Number of protein chains: 2
Amino acid sequence: MSGPSTDAPRRGRGVGGRPRIEDVAAAAGTTAITVSRALRQPDKVAPETRQRILAAVEALGYIPNLSASALASRRSGIMALVVPTIANSVFAETVDGFSEVAGRAGFQILLGQGTYSAEAEHRLLTALAGRQPDALARIGIVRHDETRALLRRTRIPMAETWDLTDEPIDLVVGFSNRDAGHAMTRHLIRRGRRSIAYIGSDDDRAAARRRGYADALEEAGLHPAAPDIRVREITYGAGRRALRALLQLAPEADAAFCANDVLAVGALLECRKMGLAVPDRLAVAGLGDFEIAQELTPALTTVRIPSHRIGAHAAELLLARIAGETIDRRVVDLGFEIVERESA
Amino acid sequence: MSGPSTDAPRRGRGVGGRPRIEDVAAAAGTTAITVSRALRQPDKVAPETRQRILAAVEALGYIPNLSASALASRRSGIMALVVPTIANSVFAETVDGFSEVAGRAGFQILLGQGTYSAEAEHRLLTALAGRQPDALARIGIVRHDETRALLRRTRIPMAETWDLTDEPIDLVVGFSNRDAGHAMTRHLIRRGRRSIAYIGSDDDRAAARRRGYADALEEAGLHPAAPDIRVREITYGAGRRALRALLQLAPEADAAFCANDVLAVGALLECRKMGLAVPDRLAVAGLGDFEIAQELTPALTTVRIPSHRIGAHAAELLLARIAGETIDRRVVDLGFEIVERESA
DNA sequence: CTGAAAGCGCTTACAG
DNA sequence: CTGAAAGCGCTTACAG
């Protein structure tokens, strides 16, 4: 009535009243080790024994303590996944693919959020590593050298994703954000655009896309239509405001390359509101190929990213690592694809 | 070169070469218990000792093994969170709010995905419970009785969310989906609509919203405009197709109540494509108030859900439970709000 | 302010 | 096919 401390300890039960493996063994007339085997390698236990054990598990409502299991076996059964943000849906497909493959293989997902400040990320990754995950994946490339060193030292199989690098901490699965930005900008140029602006967010991947944009302009002897327009939040509203800002800064711009589809959709909606003809007066291009891109009128020209496959493939590679298989390609480029629709 | 087994075990190191608390203690000239204290209750250790210990931690790259910590202390430092799906962004805000509050309090998030079949969910929750989370939250109400009993037995502080029930397993934080459906349907009726159709998805929350819709119609002496239109996936495309199906089934319908904003947005886009005047010819209402709802033309009339607050509040309540505080309200209704815009 | 002893609940070799 | 012993790396009382 007045708290757990007044409960008499139950006979043959662990703290909190939860049965332990010993309790199951006693109920089944065998020992802990055989119970452990019956649960993990059923074939190695006589059918009758197994039967009695499973009955006892059922009767007692036994749930193995995975912390104890992890400590003893040195396999945690956990895969950690670090994402920049959950609120934004950009990475949802990747998380989904990762979770699907990892879950099917019996792993649980430890989710880490936030990779903005170097210190916060270092702390987060340290804490996650403390859980001894059997593998760790992160959206994006880890930038901070100290953190990279820490992760290398732990020797936890690790996948960086959503971009490429020649020297991953362990593995990297993604595509070249720089090349994607480059390809889309070239597409705009090929379509006759000469005054192309950049609208982007404030993260590493957007920065790489911007580099591709700048390179493509330079190769074509063109100049940016305006100073970069950078938004803090990735929302439709931010895309709208960015578009308005662009028209202020460079009324003569004939194309806007947006570093992601959310911003592009916002820009597109603002154009419609202002009665600005897309693509005749202004071409708008995005990156990501979210579902909404194809549903709008005009439909959004964008870059398709294998978001789900990035997650699934990273998980598969990590499973192979865990299984001790040799991985010959540590850098996996899943590519991207220009999807030409109506807006550019 | 050919695998970890060829590595000679290092002196004074645990398996895998990772330093243990003993190694830190040795390097700092003290004992494990003092190291543990220095890391967890710094005040209780002499400043000089603490200094030496922190230096040793730094030098060795020591990361506490949280499985061992969890086993010894019976506090895992984990909060488990179960969501129906990650790929869909509907719950992203809730996950974000939960993760924010839990993370700030030093907890890690164990993410479970999928609550569709009763057996799969039972297995998932059992597995999660095995990790001895200090608390567990789930989006939605757990339906399966056996699973409810299991969770009660574990005595893990638990929050069901995104709906209400008089008898939560432990706590429930949400709003009445039935009432939300009822309120929006009444709004449509008040606006003069008489032939109102329902478009929904195939989950418990949508079912509750549909009940509210049906009740409101009955109270007004009205009949559904058409048989329910139920989609399997929550996508804009599904919303589009549902709208077309509705016009086939009931060309005379004057309103469509969509169980969520994604379907409503899809329906709205399809109306525009078909040149169907909204709201004059057909009113369209959603539920959720996603950002896109306010950005479209006509802007979507919908129900605002405190999605972020549900997650944050559930986490706060669970933290209070963990701290042993008494919770007087086990059922927390965070309400909802009709947002009247242009579409209905 | 610091430490010796015991134990958390499992699994890993090893033996039979 | 089954079991006795040891140990995974921490923390919890308890003592001084």
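Letters go in sequence order (proteins before strands), and every chain restarts at 1. Keep in mind that what you see is a predicted model, and the values were worked out from it rather than measured.
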Under 4.0 angstrom between A:T30 side-chain N/O and D:dG3 OP1 or OP2
yes

Take the protein atom CD1 of A:I21 and the nucleotide atom C1' of C:dC8, then report the distance between them rounded to whole Å.
14 Å

Mind calculating the distance between CG (B:L39) and C1' (D:dC10) to the nearest angstrom?
12 Å

Any non-hydrogen side-chain atom of A:E119 less than 4.5 Å from a side-chain atom of A:H122?
no

Check: residues 45-70 of chain B side-chain donor-acceptor pairs under 3.5 Å, at least two apart:
residue	atom	partner	partner atom	Å
B:R50	NE	B:P42	O	3.2
B:R50	NH2	B:P42	O	3.4
B:R50	NH2	B:V45	O	3.3
B:R52	NH1	B:A28	O	2.6
B:N65	OD1	B:S67	N	2.8
B:N65	OD1	B:A68	N	3.1

Could you check which nucleotide pairs with D:dA13 in any of the strands shown, counting Watson-Crick or G-U wobble with both distances under 3.5 Å?
none

Would you indicate what B:T49 reaches in the nucleic acid, counting non-hydrogen atoms under 4.0 angstrom: base, sugar-phosphate, or nothing?
sugar-phosphate

Need to verify one output field. Residue with the more 5' nearest nucleotide on DNA chain D, B:Y62 or A:K44?
A:K44

Whole Å only: how far is the CD1 atom of B:I63 from the C1' atom of D:dG9?
14 Å

Verify side-chain hydrogen bond (donor to acceptor under 3.5 Å, both in side chains) between B:S99 and A:Q113, making sure each step is shown before the conclusion.
CA-CA 8 Å; B:S99 147; A:Q113 180 178 200; 2.5 Å; yes

Quick one: pull up CG in B:L136 and CZ in B:R131 and give me the separation to the nearest 0.5 Å.
13.0 Å

Which of D:dA4, D:dT11, C:dC10 is nearest the side chain of B:S69? It is D:dT11

Find the distance B:Q51:CD to C:dC1:P and express it as a whole number of Å.
14 Å

Check the distance between D:dC10's P and B:L66's CG and give it to me in whole angstrom.
9 Å

Please report the distance, rounded to the nearest Å, between CZ in A:R20 and C1' in C:dG7.
11 Å

What's the closest nucleotide to the side chain of A:L71 if the choices are D:dC8, D:dT2, C:dT2?
D:dC8

Could you run down the sub-3.5 Å N/O contacts of the protein with nucleotides 12-16 of chain D?
residue	atom	partner	partner atom	Å
D:dT12	OP2	B:R40	NH2	3.4

I'd like to check A:T126 versus A:L124 (side-chain heavy atoms, cut-off strictly below 4.5 Å). Are they in contact?
no

Scanning all shown strands, the Watson-Crick or wobble mate of C:dA4 with both distances under 3.5 Å is none

For the pair made of CG in B:D43 and P in C:dC1, what is the distance, rounded to whole Å?
9 Å

Please tell me if A:T34 has a side-chain N or O lying less than 4.0 Å from either OP1 or OP2 of D:dG3.
yes

Side chain to side chain, A:R104 and A:E100, heavy atoms closer than 4.5 Å:
yes

Are A:H308 and A:D96 packed together at the side-chain level, in the sense that at least one heavy-atom pair is separated by less than 4.5 angstrom?
yes

